[in-house]
Amino acid sequence: MSSTTEESDQIQQRRANLDALRALGVDVYPHGFDQQATVEAVVAAHSPSTGEALEAEQPRARTAGRILSIRSFGKANFLVISDGKARLQIYVRQDALSERDFQVFKLLDFGDWIGVDGRLFRTKTNELSVWASSLTFLSKCLLPLPEKWHGLQDIETRYRQRYLDLTVNPDSRRVFEIRSRVVTAIRAFLIARGFLEVETPMMHPIAGGAIARPFVTHHNTLDMRLYMRIAPELYLKRLTVGGMERVFEINRNFRNEGISTQHNPEFTMLEFYWAYAEYQGLMTLTEQMLAEVAVAATGGTEVTFGEHAISFAAPFRRLSLREAAREAASAKLGEPIPAEALRDRASAAALAARLGIDVAPSMGAGKIAAEIFEALCEDALIQPTFVHDFPTEVSPLSKQKPDDPDTVERFELYIAGFEVANAFSELNDPVEQRRRFEEQLASRAGGDDEAHAMDEDYIRALEHGMPPAGGEGVGIDRLVMVLTNSLSIRDVILFPLMRPR
RNA sequence: GGGCCCCUAGCUCAGUGGUAGAGCACCUGACUUUUAAUCAGGGUGUCCCGGGUUCGAUCCCCGGGGGGCCCA
């Protein structure tokens, strides 16, 4: 690891070059540069042009970027500069520059920022290049950058010093370009359908709207405990009470839980609420949205994720949770398991025991069915699949099915073996909502410290009348993982949480 | 939290119970169309940290730190 107290020769050399530039009278940290086109724009505008066309037109370019390579031949030299998206070669001839600019050139290091002015041409090897007529020093790279050929491989350094990763690993930059396109496409899709983008609190007096452990903080002036939000759900639904019939929010949630290739303590969720819609309508909207997002982000609906080819073309497969669990259990045990086995606690617990799945005393039949599903089915759901009809017991905010009070109108979308979305017909009956919260309190008393807390203020909002609505959360990070073939969530989060060194 | 694996030059990586190597980068020199430029010369290091075993530890053992993957 580099040390700032004892500088390596390379750092000393770079400092010496900086001092020499100052001695030449160069402003080594100028305030700006009159850039007329980005490197990307220059390349895009002239990459179709032949050498003859460039000779005839003599187009000029005034652009800037970071130096990614220097090939020196004495009086003729080549630089490659990049704006992070595209790369452009600069031809530096001693006889085309002022003496001072050529001296500046000789003091440049790999990684420095430079502005260039010159005419475009093609070299003998047909590479689009700028024949530099002036150079403007823009900033110094005092620390050596990772190697140009292998790039930065060290995973820890890529996360801790993302700027190095972005500088030398083009694939990393590509991931975050796609991420931006995903968010932009989702926004456009929802806004086109009359949804209003809103921002709701990130700090909550009660951490609600999901089943998760919160981060706790404190407000000094009000002397009150606050929780970083685990979900925006209850606030967005308050907005539907207020008559905002279609709302969405794309923002961070915080959950004080483990870190894994699929979990970062802060992560980005889309949540949207759609008055008068039921969960079936949400499935249709979701397949349309994700197909559009896939096209906008990657150019098509077919993507590669690890060893899998995944298709975002609608419609997605639909599968009920208990049926999926029943089938998987039947296959594993080699005998047909009847559907009723998941409906009462005794037989569900017995089935779980046979499957080697631990069951806590506080779990009812619904929770056990969900556990069996998670243990047996999740990993196999590679193609986008709506798993629907969840047990009421694990869904305190969802509306029951009219003909089956043990089941709610809820689905989760699975892609590549993990949960990407969670949606349901929203429970808007305040009396039933209070009963569900009380059930959660009982399960908390029974040892489940993730159970949902009572929220009186939310119940009061429901008492004022919330329209029937469907609501959905989509994990943006996981969606981006699938669309960019990233096997870890840390590869799609610019600055994932790391232990301090 | 548990299991397995990793940490050596700026970067990518070899390697050994006798204080360390390659490629790129870097330094010196040559070179006016190269593109992983080439040619000649140069090795730049707290082998993650601490302790132990040993005549001697980067290597073996113990503890710690950071990271990765899997499991919970």
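The basis for the numbers below is simple: all heavy atoms, side chains too, and nothing from hydrogens, waters or symmetry mates. Chain naming here is simple, since letters A, B, ... match the order of the sequence lines and numbering starts at 1 in each. Quick caveat: nothing in here was measured; it's all calculated off a predicted structure.
- Comparing the P positions of B:rG50 and B:rU46 gives a spacing of 13 Å, expressed to the nearest Å.
- Nearest to the side chain of A:S72, among B:rC31, B:rG66, B:rC69, sits B:rC31.
- Within the structure, ring-ring contact (aromatic ring centres under 6.0 Å, His included) pairs that include any residue of residues 25-69 of chain A do not occur (at least two apart or interchain).
- Of the residues in residues 84-104 of chain A, those placing a heavy atom less than 4.0 Å from an atom of RNA chain B are A:Q89, A:Y91, A:R93, A:D95, in numerical order.
- Position along RNA chain B of the nearest nucleotide to A:Q13 versus A:R71 favours A:Q13 as the more 5'-ward residue.
- Rounded to the nearest Å, the gap between the C1' atom of B:rA72 and that of B:rG66 is 22 Å.
- In the set B:rG67, B:rU12, B:rA37, the nucleotide with an atom closest to the side chain of A:E147 is B:rU12.
- Put simply, CD on A:Q12 is 12 Å from P on B:rG10, counting in whole angstrom units.
- In secondary-structure terms, RNA chain B builds stems of at least 3 consecutive Watson-Crick or G-U pairs, each pair having both distances under 3.5 Å, at B:1-7 with B:65-71, B:10-13 with B:21-24, B:26-30 with B:38-42, B:48-52 with B:60-64.
- For B:rG68, the base has no donor-acceptor partner in the side chain of A:E156 [N/O atoms by modelled type, under 3.5 angstrom].
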Under 3.5 Å, which N/O atoms of the protein pair with N/O atoms of nucleotides 70-72 of chain B?
none

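- Residues satisfying the ring pair (Phe, Tyr, Trp, His ring centres under 6.0 Å) criterion with A:F137, sequence neighbours excluded, are absent altogether.
- The same atom, P, is picked in B:rG3 and in B:rA22; the two are 39 Å apart, to the nearest Å.
- Judged by closest nucleotide on RNA chain B, A:H150 is the one of A:F110 and A:H150 placed further toward the 5' end.
- Identified under the ring-ring contact (aromatic ring centres under 6.0 Å, His included) test for residues 54-83 of chain A, with sequence neighbours left out: A:F73-A:F78, A:F78-A:Y91.
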Review item, side-chain donor-acceptor pairs of residues 65-72 of chain A, under 3.5 Å, at least two apart:
{"residue": "A:R66", "atom": "NH1", "partner": "A:G111", "partner atom": "O", "Å": "2.7"}
{"residue": "A:S69", "atom": "OG", "partner": "A:R71", "partner atom": "NH1", "Å": "3.2"}
{"residue": "A:R71", "atom": "NH2", "partner": "A:Q89", "partner atom": "OE1", "Å": "2.8"}
{"residue": "A:S72", "atom": "OG", "partner": "A:N77", "partner atom": "OD1", "Å": "2.7"}

Under 3.5 Å donor-acceptor pairs involving side-chain atoms of residues 355-374 of chain A, not counting sequence neighbours:
none

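- Distance CG (A:L152) to P (B:rG68): 14 Å, rounded to an integer number of Å.
- Here, B:rG45 and B:rA25 have their C1' atoms 15 Å apart, quoted to the whole Å.
- The stretch residues 93-115 of chain A participates, sequence neighbours left out, in these ring-ring contact (aromatic ring centres under 6.0 Å, His included) pairs: A:F102-A:F105.
- Closest to the side chain of A:F73, from the set B:rC69, B:rA37, B:rU12, is B:rA37.
- In summary, the side chains of A:R173 and A:S82 do not present any donor paired with an acceptor at a separation below 3.5 Å, with no hydrogens or angles considered.
- To the nearest 0.5 Å, atoms CG (A:N251) and CD1 (A:I476) are separated by 11.0 Å.
- The CG-P distance, from A:D9 to B:rA25, rounds to 17 Å in whole Å.
- Between the C1' atom of B:rC7 and the CE atom of A:M498 lies a distance of 13 Å, rounded to the nearest Å.
- Here, B:rG23 and B:rG65 have their C1' atoms 30 Å apart, quoted to the whole Å.
- Residues A:L290 and A:L413 have side chains in contact (heavy-atom distance under 4.5 Å, counting atoms from C-beta outward).
- Taking atom CD of A:Q10 as the reference point, atom P of B:rC26 lies 7 Å away to the nearest angstrom.
- Here A:R160 lies in heavy-atom contact (under 4.0 Å) with sugar-phosphate atoms only.
- A:L54 CG to A:L120 CG: the interatomic distance, rounded to the nearest 0.5 Å, is 6.5 Å.
- Note: CG (A:D154) to C1' (B:rG66) measures 10 Å, nearest angstrom.
- A:D154 and A:T157 share a side-chain donor-acceptor pair at under 3.5 Å.
- Here the straight-line distance linking atom CD of A:E393 with atom OG1 of A:T407 works out to 11.5 Å at 0.5 Å rounding.
- Side-chain atoms of A:S488 and A:D491 form no donor-acceptor pair, as typed in the model, at a separation below 3.5 Å.
- Looking at residues two or more places apart in sequence or on another chain, you find a ring pair (Phe, Tyr, Trp, His ring centres under 6.0 Å) between A:F437 and A:H452.
- When the C1' atom is compared between B:rU58 and B:rU16, the two are found 9 Å apart, to the nearest whole Å.
- Comparing the C1' positions of B:rG41 and B:rU34 gives an interatomic distance of 23 Å, to the nearest angstrom.
- B:rU33 has its base anti relative to the sugar, with a glycosidic angle deviating from 0 by more than 90°.
- Taking the centre and axis of the six-membered ring of A:F121, the NZ or CZ atom of A:R119 falls inside the cone set by 45° and 6.0 Å.
- Each of A:I493, A:V492, A:V480 was compared with A:S486 under the side chain to side chain contact (heavy atoms under 4.5 Å, CB included) criterion, and only A:V492 meets it.
- Using a 4.5 Å heavy-atom cutoff, the side chains of A:L381 and A:E419 are not in contact.
- Within residues 126-134 of chain A, the residues that place at least one heavy atom under 4.0 Å from RNA chain B are, in residue-number order, A:E127, A:W131.
- Residues from residues 41-69 of chain A lying near RNA chain B, meaning a heavy-atom separation below 4.0 Å, are absent.
- The same atom, P, is picked in B:rG2 and in B:rC59; the two are 25 Å apart, to the nearest Å.
- B:rU34 has its base stacked against the ring of A:F78, the centroids being under 5.5 angstrom apart at an interplanar angle below 30°.
- Rounded to an integer number of Å, the gap from CH2 of A:W149 to P of B:rA25 is 12 Å.
- Note: CD1 (A:I11) to P (B:rC27) measures 13 Å, nearest angstrom.
- Within a 6.0 Å radius of CD in A:E99, other residues, nucleotides and ligands contribute 12 heavy atoms or fewer.
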